[in-house]
Protein chains: 2
Amino acid sequence: MAIKEGRTQERCTGMILPVSDAIQILSGKWKLPILISLQFGNKRFSEIAKNIPKITDRMLSKELRELEMNQLIKRTVYDTVPVTVEYSMTEYGESLDPVILELAKWGRQHRKRIMSKDRSAAKY
Amino acid sequence: MAIKEGRTQERCTGMILPVSDAIQILSGKWKLPILISLQFGNKRFSEIAKNIPKITDRMLSKELRELEMNQLIKRTVYDTVPVTVEYSMTEYGESLDPVILELAKWGRQHRKRIMSKDRSAAKY
DNA sequence: TTTATCACTATACTTCAGTATAGCGCTATA
DNA sequence: TATAGCGCTATACTGAAGTATAGTGATAAA
């Protein structure tokens, strides 16, 4: 029952704190999908929207702003007429790649799992 | 501007779908902290609560139920008087370890980053 | 001329995550 | 006897996330 009961509390909090930071920044339904869309190349507002089923303009606009504030993405305005706005990942944003990769890996195998057993699939 | 414009949309959705699955299951402020707490050993209700600052009984109870439904954790009741309830990670729950590890890594370096530059730190 | 696209913003609304507080039956301890 | 711990549940509430819908001004296409 007790595995190495030494400094568990500290080590536990030492894990929970950074993870909480991360999930706060990536929180919500849309931020990761947006980042993924931009992983596949710089995109304009409407192109991102096309990549992400069901997202509304309002949400996309709001989330892009937050991601930009956290310096995960960059917004570039070209003064064409009318203006062209392009979004791209920053280097810092790219540092999330391994996180996204692991999430995708897990999500894929989870999907397989719930597909194969109908009993729990019924709940979803 | 355009990097390999072939099947981007499909590959993009192929990433977004599993990641959305994952974030739905791990959604919210508390599920990952709870899983982390259980990574450090089987625990009882009040022990988990002690590990996670600020969580309320109601939330802990609710999230534990959801994690159990998704088979990420296991609830065992021992018939002592009064009953002892122990929570533990399932093997399936352990499959999340790499995800949690990457999140923790990123969170730690993010924390360092915002600590070092006060200008953006002001916002947090 | 009407329509559509672009990158948004405004307003209003719903829904749900999360908080706050209290209480349950049981038991061991002071 | 009263208090505290255990593992919760009940009720009520707030606030934030997300949805729905419409509209902006400029331009280009039908």
Side-chain angles (χ1 to χ4, degrees), chain A residues 1-2 16 19-35 37-38 41-70 73-88 123-124, chain B residues 1-2 16 19-35 37-38 41-70 73-88 123-124:
Chain A
M1 204 192 260
I16 289 174
V19 169
S20 294
D21 287 353
I23 61 183
Q24 208 183 354
I25 281 170
L26 302 175
S27 69
K29 206 172 165 181
W30 304 115
K31 291 202 193 78
L32 284 166
I34 291 169
L35 291 173
S37 167
L38 292 177
N42 302 355
K43 301 251 172 74
R44 303 173 59 182
F45 190 90
S46 52
E47 291 173 318
I48 304 172
K50 264 173 232 153
N51 281 167
I52 304 172
K54 305 272 179 187
I55 195 170
T56 61
D57 286 356
R58 186 193 195 279
M59 272 300 116
L60 181 51
S61 163
K62 201 188 133 224
E63 304 287 68
L64 284 169
R65 236 178 295 134
E66 284 178 42
L67 290 169
E68 200 197 351
M69 282 202 294
N70 285 319
I73 66 173
K74 203 177 118 209
R75 191 182 117 114
T76 315
V77 183
Y78 297 102
D79 64 344
T80 52
V81 260
V83 287
T84 306
V85 183
E86 194 184 64
Y87 295 90
S88 53
K123 288 172 196 150
Y124 299 91
Chain B
M1 200 192 260
I16 290 175
V19 170
S20 293
D21 287 352
I23 61 183
Q24 209 183 353
I25 282 171
L26 303 174
S27 69
K29 209 171 164 182
W30 305 114
K31 291 202 193 79
L32 283 166
I34 291 169
L35 290 173
S37 167
L38 292 178
N42 302 355
K43 301 250 172 76
R44 302 173 60 182
F45 189 90
S46 52
E47 290 173 319
I48 303 172
K50 263 174 230 151
N51 282 166
I52 304 172
K54 304 275 178 186
I55 196 169
T56 61
D57 287 355
R58 185 193 195 280
M59 272 299 116
L60 181 51
S61 162
K62 202 187 132 223
E63 304 288 67
L64 284 171
R65 237 178 295 136
E66 285 180 40
L67 290 170
E68 200 198 350
M69 282 204 291
N70 285 319
I73 65 172
K74 203 177 119 208
R75 191 183 116 112
T76 314
V77 182
Y78 297 103
D79 64 342
T80 52
V81 261
V83 288
T84 308
V85 183
E86 193 186 65
Y87 295 91
S88 53
K123 289 172 197 151
Y124 299 90

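Worth saying up front: this structure is predicted, and the values here are computed from it rather than measured. Residue numbering restarts at 1 for every chain, and letters A, B, ... go by the order of the sequence lines.
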Starting at atom [atom1] of [X], determine the distance to atom [atom2] of [N], rounded to an integer number of angstrom.
X       : N      : atom1 : atom2 : answer
A:Asp79 : D:dA26 : CG    : P     : 16 Å
A:Leu64 : C:dC6  : CG    : P     : 15 Å
A:Leu60 : C:dT9  : CG    : P     : 11 Å
A:Ile23 : D:dA16 : CD1   : P     : 17 Å
A:Lys62 : C:dA10 : NZ    : P     : 15 Å
B:Glu63 : C:dG18 : CD    : C1'   : 9 Å
A:Arg65 : C:dA10 : CZ    : P     : 9 Å

Tell me the closest heavy-atom pair linking [X] and [Y], and the distance in Å.
X       : Y       : answer
B:Leu26 : B:Lys31 : O-CB, 4.0 Å
A:Lys43 : A:Gly41 : CG-O, 3.2 Å
A:Trp30 : A:Met59 : NE1-CG, 3.8 Å
B:Ser37 : B:Asn51 : OG-OD1, 2.8 Å
B:Glu86 : B:Tyr78 : OE1-OH, 3.3 Å

Expected rows: protein N/O vs nucleotides 19-23 of chain C N/O, under 3.5 Å:
residue	atom	partner	partner atom	Å
C:dT19	OP1	B:Lys29	NZ	3.2
C:dT19	O4	B:Arg58	NE	3.0

ask   = Out of curiosity, B:Ile23 CD1 to A:Ile23 CD1, how far, rounded to the nearest 0.5 Å?
value =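 It is 12.0 Å, given to the nearest 0.5 Å.
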Would a 4.5 Å heavy-atom cut-off, applied to side chains only, mark B:Phe45 and B:Lys50 as touching?
->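 They are not in side-chain contact.
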| query | Mind checking whether B:Ile48 and B:Tyr87 have side chains closer than 4.5 Å, heavy atoms only? | reply |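 Side-chain contact under 4.5 Å: yes.
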Nucleotide N/O to protein N/O under 3.5 Å, stretch nucleotides 25-30 of chain C:
none

Pick the closest DNA chain D nucleotide for B:Lys50 and for A:Ser27 by heavy atoms, then say which residue is nearer the 5' end.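 Looking at DNA chain D, the more 5' nearest nucleotide goes with B:Lys50.
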* Asked: Would you say the side chains of B:Asn42 and B:Ser88 form a donor-acceptor pair under 3.5 Å?
  ->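 Not at all, the side chains of B:Asn42 and B:Ser88 share no donor-acceptor pair under 3.5 Å.
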